[in-house]
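Let me begin by presenting the structure, written as structure tokens, before commenting on it.
Letters go in sequence order (proteins before strands), and every chain restarts at 1.
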There are 2 protein chains.
Amino acid sequence: MSAYEEIFLTKLGSFIDLSEDDRVLMREFVSQKLAVGEGQHLLSEGEENQTVFFLQDGWAIRYKLLPDGRRQVISFLLPGDIFGFKESLFDLSNDSVQALTDVVVHPVPATQIAGLTDGNPNLALALAWARGREHSILTEHVVRLGRRTAYERVAHLLMELLHRLQLVDLASARAYPLPLTQELLADTLGLSIVHVNRTMRKLRKDGLISIDTDKRMIRIEDLQGLADAGHYDETFLDQDGEPSADVRDALSGDS
Amino acid sequence: MSAYEEIFLTKLGSFIDLSEDDRVLMREFVSQKLAVGEGQHLLSEGEENQTVFFLQDGWAIRYKLLPDGRRQVISFLLPGDIFGFKESLFDLSNDSVQALTDVVVHPVPATQIAGLTDGNPNLALALAWARGREHSILTEHVVRLGRRTAYERVAHLLMELLHRLQLVDLASARAYPLPLTQELLADTLGLSIVHVNRTMRKLRKDGLISIDTDKRMIRIEDLQGLADAGHYDETFLDQDGEPSADVRDALSGDS
DNA sequence: CCGTCGGCTTAACACAGGTAAATGCACAGC
DNA sequence: GCTGTGCATTTACCTGTGTTAAGCCGACGG
């Protein structure tokens, strides 16, 4: 009922029209709440998972470790994101999900998902959309790691975070909270800590960004400049617009 | 009816038990056939897509281009793989799919998917499994690009291809056809052509692999050695084993 | 039969980014 | 106030990988 409960409706609402009925149904869907402290794990490698999580508040990462301790962050999970998906259908999740800040999630047993979507095509649509989005973001991450320079990688990631946070009203036109250490950025971007530091210094010197002294806010000083620096193509996130009537019919089960 | 039609049944069969009824239904599902020549595109960036493809024969890549021409291969599509998935539900696919060899696919209109899965829980399971697998592979690709050295990257990819091809009986215990140029490997692994060449030379010198003179076959000379070199953890592909009864129920729509 | 072209290979050199180590600061615990 | 811990920062140095360029080979077309 409170604005608190509506993060993923905010996100979804920017993508499809939701009736008041839809909203009521979806609020029920996320009636469970779970608070998880900073640093805690929501999913661990090799652990069986039968739950889908709606991230209501806070930041988390999905990551994998190599046997020698190297860490790679697979993706950032931001408020409004849904995760635990793929793993919910099969035994092993081979990566781990850890809260970067204090976090609130809505857990939904995987076994209930199908039943819930049956009566609510828009919910099915929402889940399909979330998956597609996650796939797009992961794809861009691959390109970032494989074919961009350090400078481009940082710029690109900062733009992506800006847009993803704007979608859930957690970023202003050019600023947002960034609860990440440089080590985390390094493990995300495939760089060393030192080089992340060098690169961000250069981004600051070039007048593209500034970091608030209290360290948990970033401000994009030159939006176009940062986007250009990262060869950032925002369309990969913009999968909005109504899906075709055909697709809606297909999802609602009328074949 | 010919063995020809059963590639994805071969793959699926190694994961779940299929009744003869299941097999018949699924053969109908892929009754359409489409031949695509080497180098042709199956999907292009920005193109609307309403089709899911079952890759029956041949290799393809999914890739993205940067504005300045750099290319990143997102994933390899091998016989038995399903693609066009995510895009089928929403407007834009922002990457392209190109045939590396002559290819045969079974196209299925996205709008028919839901109807077809309704009556066939095992098909729904197959699709969910394919997605989960694709996600796992993409995740490993991210780790490979972000946190492995060139030598490790090549070793790891070669092991992954071995195991994926074995699943569809296209690889022997230690050898398989490799229709890839070094340029393609470079664009997959985030390396330069020259360095791919150096690295493969070293893998050969180290006695881990050998390339058949006619160049389209690779042979793993030291399976354990190559796996170790790439810190290869094969479990990321082994999502087999029956899903829980709960999950089957959920998929079949009984909630 | 020759020329061209794509792909592999090698060598020489350059540089982006990694590694190691030290400093400083903010903050928590005592 | 003292000490320890975590994180950002910087300097110095090193190396893995990129770049450029050239040679080689086999396939193919005229």
In plain terms, say whether Asp212(A) and Arg216(A) are close enough for a salt bridge, that is, a side-chain N and a carboxylate O under 4.0 Å apart. no

Ionic contact status for Glu160(B) with Arg164(B), cut-off 4.0 Å: yes

Set of residues satisfying side-chain contact (heavy atoms from CB on, under 4.5 Å) with respect to [X], sequence neighbours excluded:
{"X": "Arg70(A)", "value": "Leu66(A), Asp68(A), Arg147(B), Thr149(B), Glu152(B), His231(B)"}
{"X": "Thr199(B)", "value": "Ala150(B), Tyr151(B), Val154(B), His195(B)"}
{"X": "Asp222(A)", "value": "Leu208(A), Gln224(A)"}

For the pair made of [atom1] in [X] and [atom2] in [N], what is the distance, rounded to whole Å?
{"X": "Leu185(B)", "N": "dT17(D)", "atom1": "CG", "atom2": "C1'", "answer": "16 Å"}
{"X": "Arg216(A)", "N": "dA26(C)", "atom1": "CZ", "atom2": "C1'", "answer": "12 Å"}
{"X": "Glu183(A)", "N": "dT5(D)", "atom1": "CD", "atom2": "P", "answer": "16 Å"}
{"X": "Leu100(A)", "N": "dC7(D)", "atom1": "CG", "atom2": "C1'", "answer": "15 Å"}

Under 3.5 Å: donor-acceptor pair, side chain of Asp228(B), backbone of Gly225(B): no

Would you please classify the geometry between the Phe76(A) ring and the Trp59(A) ring as parallel, tilted or perpendicular, with 30° and 60° separating the classes? perpendicular

Using 30° and 60° as the class boundaries, would you call the ring planes of Phe8(A) and Phe54(A) parallel, tilted or perpendicular?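 Perpendicular: the ring planes of Phe8(A) and Phe54(A) meet at over 60°.
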
Over-ring placement of Arg131(A) relative to Trp129(A), 6.0 Å and 45° cut-offs: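 Judged by the rule (NZ or CZ under 6.0 Å from the ring centre, within 45° of its axis), Arg131(A) is not positioned above Trp129(A).
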
Strand-adjacent residues in residues 144-159 of chain A, judged by heavy atoms under 4.0 Å from DNA chain C: Thr149(A), Ala150(A)

Among residues 190-208 of chain B, which contact DNA chain C at a heavy-atom distance under 4.0 Å? Val194(B), Asn197(B), Arg198(B), Arg201(B), Arg204(B)

Apply salt bridge (charged side-chain N to carboxylate O under 4.0 Å, His left out) to residues Lys64(B) and Asp95(B) and explain how you reach the verdict. CA-CA 5 Å; Lys64(B) 285 189 88 161; Asp95(B) 41 23; over 6 Å; no

Give me the bend of the helix from dC1(C)-dG30(D) to dC30(C)-dG1(D), using the axes of the five pairs at each end, rounded to 10°.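 The helix from dC1(C)-dG30(D) to dC30(C)-dG1(D) shows an end-to-end axis angle of 40°.
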
